[in-house]
Amino acid sequence: MRDLTFYPGCALQSMTWDYRESISHVVGALGLRLLELPDWTCCGATAAHSLDERMAILLPGRNLAVAEAEGRDLAVACPMCFKRLSLCREMLRQKRADDLWSLHLDFSVVDLARYLSSKPMLQKIQQRLRFPLTGMKVVCYYGCQVVRPPKITGYSDYENPMHLDHLVQAVGATPLDWSFKGTCCGASSGIARKDIGLTLVAKLLTWARATGADAMVVCCPLCQNNLDLLQPELRERHGWHWQLPIFYYTEILGVAFGLQAIVPGLKSHLVDPQPLIARLRQISTEDREMIASG
């Protein structure tokens with residue numbers, strides 16, 4: 001099992017501490033070491049790249065320079081950060097931006113979710129399974145950042161990514177096919193145009209429910225916040241008598257591993273996922289008893 005340098009990014013240090021904690025406990029359970037990038041700074045996502053082209057290179061470039069000195073591949077959990085770091089790496093590699101650090105760029109920027117969905121890691125996940133999520137039906141939502149554009153990410157499956165689907169399948173849940181995996185949720189316009197965010201989130205939630213999902217699984221801090229936080233307002237606006245838990249993929253793994261350390265993070269969600277978990281564990285227990293009785 002190799003070590004990776006880990007770039008947490010600003011969101012995981014603040015509003016999405018639950019994502020950070022679930023990552024920490026899950027990778028620990030899998031025997032993987034994520035070594036935090038020393039003295040890391042903001043990657044410039046959103047604010048810098050929309051205002052200052054030079055700063056949009058300097059911020060991720062500095063982080064890449066520190067990562068190169070560490071001598072390991074760089075794992076990133078936030079799709080926005082992943083794309084900014086990957087874009088900067090590619091621009092420096094193609095000499096489309098000034099390289100102030102004389103980088104060799106002989107390391108990779110790795111999407112953590114995709115890394116955990118590699119075949120060896122899926123086998124490791126199945127070995128660590130304690131509470132298979134039998135009977136849980138989910139839709140996996142990748143958002144609009146982590147797989148596109150393919151010339152930056154290098155992914156050919158940008159129209160129908162499957163790595164989150166493979167992760168939830170590995171813990172016994174059933175990923176449902178749906179058409180909105182990469183549709184924008186409007187998180188970046190949440191302050192300036194909240195009406196856009198409400199419309200897009202309402203569309204995603206209603207289609208997820210129509211597909212038959214018990215929950216949605218995400219990999220992006222902004223997507224999770226947007227899809228979770230707007231539900232109370234949408235229920236009031238539309239008279240919905242239902243709600244949909246929004247899990248990080250690492251939380252799904254943590255639940256299946258039986259990691260109590262992730263419970264405080266789950267409790268921080270506005271849509272409480274714990275009743276669903278309790279019901280699923282009851283089903284799993286019944287399944288195990290049925291199997292044991294022949």
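Under the side-chain contact (heavy atoms from CB on, under 4.5 Å) rule, Arg93 has a single partner from Met91, Arg96, Glu90, Lys95, which is Glu90.
Cation-pi geometry between Arg114 and Phe82 is not met at under 6.0 angstrom from the ring centre and within 45 degrees of the axis. In this structure, Arg128 satisfies the cation-pi test against Phe257, with its NZ or CZ atom closer than 6.0 Å to the six-membered ring centre and inside 45 degrees of the ring normal.
In this structure, Thr153 contributes its side chain and Val147 its backbone to a donor-acceptor pair below 3.5 Å. In terms of modelled atom types and a separation under 3.5 Å, the side chain of Gln224 and the main chain of Val218 share no donor-acceptor contact. The main-chain N or O of Glu251 is never found under 3.5 Å from a side-chain atom of Tyr19 such that the two would form a donor-acceptor pair. A donor-acceptor contact shorter than 3.5 Å links the side chain of Glu68 to the backbone of His104. Without hydrogens or angle criteria, Ser22 side chain to Thr250 main chain gives no donor-acceptor distance under 3.5 Å. A donor-acceptor contact shorter than 3.5 Å is absent between the side chain of Arg209 and the backbone of Leu244. With hydrogens and angles ignored, the 3.5 Å screen pairs no side-chain donor or acceptor of His269 with any backbone N or O of Asp228. A donor-acceptor pair under 3.5 Å is absent between the side-chain atoms of Arg84 and the main chain of Leu59, judged by distance alone. Side-chain N or O atoms of Glu236 include none that pairs as donor or acceptor with a backbone N or O of Pro232 at under 3.5 Å. Between the Arg20 side chain and the Leu12 main chain, a donor and an acceptor come within less than 3.5 Å of each other.
The pair Asp195-Arg193 meets the salt-bridge criterion, since a charged nitrogen lies less than 4.0 angstrom from a carboxylate oxygen. Salt-bridge check for Asp157 with Lys181: failed, with every basic side-chain N at 4.0 Å or more from each acidic carboxylate O.
At least one side-chain heavy atom of Lys194 sits under 4.5 Å from a side-chain heavy atom of Glu233. Within the 4.5 Å cutoff, the side chain of Thr211 has no heavy atoms near those of the Lys137 side chain. Asp18 has its side chain out of reach of Glu21: every pair of non-hydrogen atoms, C-beta onward, lies at least 4.5 Å apart. Counting heavy atoms from C-beta outward, Trp178 and Leu204 have side chains that approach closer than 4.5 Å. Between Met216 and Leu227 the shortest side-chain heavy-atom distance falls below 4.5 Å.
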Could you go step by step and tell me if Phe6 and Val27 meet the side-chain contact (heavy atoms from CB on, under 4.5 Å) rule? CA-CA 11 Å; Phe6 180 57; Val27 299; over 6 Å; no
Show, in sequence, the C-alpha distance, side-chain angles and deciding distance for Leu167 and Leu116, and conclude whether the side-chain contact (heavy atoms from CB on, under 4.5 Å) test is met. CA-CA 8 Å; Leu167 284 171; Leu116 292 179; 4.1 Å; yes
Evaluation steps, side-chain contact (heavy atoms from CB on, under 4.5 Å), between Leu112 and Leu34: CA-CA 10 Å; Leu112 182 62; Leu34 296 181; 4.3 Å; yes
Val138 vs Leu133, test: side-chain contact (heavy atoms from CB on, under 4.5 Å). Steps then yes/no. CA-CA 11 Å; Val138 305; Leu133 300 180; over 6 Å; no
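Nearest heavy-atom pair, Cys185 versus Val201, reported as atom, atom and distance to 0.1 Å: O-CG2, 3.6 Å. The minimum heavy-atom distance between Tyr7 and Cys42, with the atom names listed, is OH-C, 3.4 Å. Val171 and Ile252 make their closest contact through CG2-CG2, 3.7 Å (heavy atoms, listed as atom of the first residue, atom of the second, distance). Across Asp73 and Val110, no two heavy atoms sit closer than the pair CB-CG2, 4.0 Å. Listed here is the closest heavy atom pair of Cys81 and Gly9: SG-CA, 4.1 Å.
A distance of 8.0 Å separates CZ of Arg89 from CG of Leu64, quoted to the nearest 0.5 Å. The distance from the CZ atom of Phe107 to the OG1 atom of Thr5 is 8.5 Å, given to the nearest 0.5 Å. Summarising the geometry, atom SG belonging to Cys219 is positioned 6.5 Å from atom CG belonging to Asp111; distances are rounded to the nearest 0.5 Å. In this structure, OG on Ser24 lies 12.5 Å from CH2 on Trp17, to the nearest 0.5 angstrom.
By the 30° and 60° cut-offs, the orientation of the rings of Tyr155 relative to His163 is tilted.
There is a path of hydrophobic side-chain contacts, each under 4.5 Å, that joins Val217 to Ile125. Cluster membership for Leu30 and Val168, using ILVMFWY side-chain heavy atoms within less than 4.5 angstrom, is shared. Hydrophobic clustering (ILVMFWY, side-chain heavy atoms < 4.5 Å, transitive): Met15 and Leu229 are in distinct clusters.
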